[in-house]
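In what follows, every chain begins at residue 1, and chains take the letters A, B, ... in the order their sequences are listed. What you see is a predicted model, and the numbers here were worked out from it, not measured in a lab.
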There are 2 protein chains.
Amino acid sequence: MAKSSAKKKREPAEDKVGTICRALRRAIIEQALEPGAKLPEDALGERFGVSRTIARQALGQLAAEGLVELRRNRIAVVATPSWQEARITFDVRMELERLVVRQLAGQLNKAQLAELKAHVDKEDAARNGPDAISIRLATEFHILLAQMTNSPILTRYVSEVSYRCCLTLSAFSRPHSADCGITEHRAIIDALAKGRTDEVMSMMHHHLDAVATRALVAPAKQRSQDLVDILAPYADEAEAAPVKPRRSAA
Amino acid sequence: MAKSSAKKKREPAEDKVGTICRALRRAIIEQALEPGAKLPEDALGERFGVSRTIARQALGQLAAEGLVELRRNRIAVVATPSWQEARITFDVRMELERLVVRQLAGQLNKAQLAELKAHVDKEDAARNGPDAISIRLATEFHILLAQMTNSPILTRYVSEVSYRCCLTLSAFSRPHSADCGITEHRAIIDALAKGRTDEVMSMMHHHLDAVATRALVAPAKQRSQDLVDILAPYADEAEAAPVKPRRSAA
DNA sequence: TGCGCCCAATATGTATGCACTTTATCGGGC
DNA sequence: GCCCGATAAAGTGCATACATATTGGGCGCA
């Protein structure tokens with residue numbers, strides 16, 4: 001809302017790379033693109049009406065965010081987070097979001113609080129819709145919080161790690177096990193409004209811990225992954241040698 | 001073109017983009033490139049013997065890491081962190097590194113401990129050398145720790161935020177005020193070896209807090225920046241006047 | 001003298017072409 | 001029938017070319 005007010009005759013900044021990135025990000029977190037899905041530069045370029053150059057830049061950016069994997073001379077694919085990485089990813093996210101609410105506690109004005117509540121209402125409305133939408137909205141709630149800190153780097157890190165958690169959810173969690181608790185979101189808003197710093201930090205901690213636990217209770221859904229992914233955790237045991245897991249000829 | 005025999009030579013993968021990134025990163029954290037320094041694609045390409053395409057990709061990656069600023073249709077420049085961003089950057093770093101040592105406490109083998117000690121010895125040897133080298137080595141110590149967690153994302157985030165802290169140091173700290181305490185590094189290694197998790201987390205916290213405090217005691221050195229940088233915070237109010245909550249500039 | 005406009009030099013934004021690598025297809029030997 | 005090597009197709013790696021935007025300087029006019 002506030003961001004469109006300062007626009008004058010600002011042309012469509014022509015940010016083609018950003019457009020493609022946003023589209024792909026959304027497709028990925030809504031699970032339209034599952035982990036491992038191929039992303040050929042040609043196809044992307046054709047779909048978005050740009051050349052491979054632009055598609056390639058977009059893929060590069062998403063790779064920097066950890067959402068896609070870029071292998072030399074190979075088709076880029078949607079990243080496939082490993083199970084043990086999932087744990088630490090959620091840990092990182094917990095700490096970052098604790099920082100966010102620490103910054104925000106007691107600092108939000110009425111407009112911001114209203115925006116947050118409106119967003120949770122949207123989550124509520126989408127509760128019975130497809131899982132993917134719920135997950136996206138829940139993630140966007142956390143990103144919205146981060147943006148309100150007015151700190152670019154905190155926003156960037158929280159966004160990235162949240163998207164990555166989304167990806168993890170889409171890789172490991174069973175249907176309906178991954179929804180962010182809407183009630184907890186409301187409680188966090190309330191605690192933020194009242195400026196109870198320690199309390200809201202603790203709430204955020206437990207909230208994300210609950211999400212992680214619900215999602216990672218068991219390494220389910222592994223069946224759909226490639227064989228090498230299933231074997232990855234076992235291969236790690238013997239990682240003392242710098243040997244790289246090579247995919248056996250199928 | 002059949003490989004006549006079973007000879008499979010692994011080429012050095014020719015990672016040109018990565019090479020340029022590493023070179024620029026190092027130049028930036030050693031303050032050979034100060035914040036605000038221009039980075040024209042042509043010049044980079046010529047210097048590294050590649051085309052603009054590659055130089056551009058490298059700049060894109062560094063921009064994703066927050067080390068360079070990319071403005072549309074304008075020459076890329078080394079990022080100029082703002083003073084209030086510096087505070088939150090160090091906060092993020094503190095939390096991330098607490099996670100690192102939490103993972104590592106009591107888990108390191110002798111070879112790893114020896115590697116850490118050897119690195120601190122290098123820091124010690126460089127103590128009387130140029131500041132830039134000391135800062136780089138101190139930063140690399142923290143990155144080395146992160147790498148030992150064997151977690152790519154933790155490594156990536158710690159690296160990025162550490163580099164960014166370096167950049168902040170180079171922008172704000174006065175000579176000799178920024179050196180990481182070597183004694184504290186040794187103490188951290190010792191506590192890690194003894195597996196005292198809570199203690200080492202606390203030590204890391206205070207260690208980084210001390211670095212931040214030494215570095216950010218006062219917004220000095222602003223004078224050396226370009227005028228536009230000094231005026232940036234004030235310009236922000238002009239262009240986004242409407243409803244944006246204003247942060248008080250020190 | 002000083003202000004403002006126009007134009008060339010410079011630099012970025014993007015598409016396209018070519019070389020090389022990987023992958024898929026197909027035919028022959030065991 | 002199955003495995004293996006050759007060959008074609010597909011895709012990426014990279015450089016170059018051209019279009020467009022910004023910057024700096026010179027010239028004219030008040």
Nearest-nucleotide pick for A:Thr53, side chain only, options being D:dC14, C:dT16, C:dT23: C:dT16

Spacing between A:Ile75 atom CD1 and D:dA10 atom P, to the nearest angstrom: 12 Å

Note, A:Leu169 side chain near A:Phe90 side chain (heavy atom, < 4.5 Å): yes

Salt bridge (Lys or Arg N to Asp or Glu O under 4.0 Å), paired with A:Glu41, selected from A:Arg47, A:Arg74, A:Arg52: A:Arg52

A:Phe48 CZ to C:dT14 P, straight-line distance once rounded to whole Å: 15 Å

A:His119 and A:Phe141 aromatic ring geometry - parallel, tilted or perpendicular at 30°/60° bounds: tilted

Heavy-atom check, side chain of B:Leu145 versus side chain of B:Leu104, under 4.5 Å: yes

Sorted by number, the residues of residues 39-46 of chain A with heavy-atom contact under 4.0 Å to DNA chain C: none

d(CD1, B:Ile54; P, D:dG13) in whole Å: 9 Å

Student check: side-chain heavy atoms of A:Cys166 and A:Arg136 closer than 4.5 Å: no

Contact under 4.0 Å: B:Arg74 side-chain N or O vs D:dT23 OP1/OP2: yes

D:dG13 OP1/OP2 closer than 4.0 Å to side-chain N/O of A:Arg71: no

B:Ser51 vs B:Lys38, nearer the 5' end of DNA chain D by closest nucleotide: B:Ser51

Whole-Å gap separating P (C:dT12) and CD (A:Gln57): 13 Å

Residue whose nearest DNA chain C nucleotide is more 5′ - A:Asn73 or B:Arg52: B:Arg52

Phosphate-side-chain proximity, B:Arg56 and C:dG13, N/O vs OP1/OP2 below 4.0 Å: yes

pair A:Arg93-A:Glu97: side-chain heavy atoms closer than 4.5 Å: yes

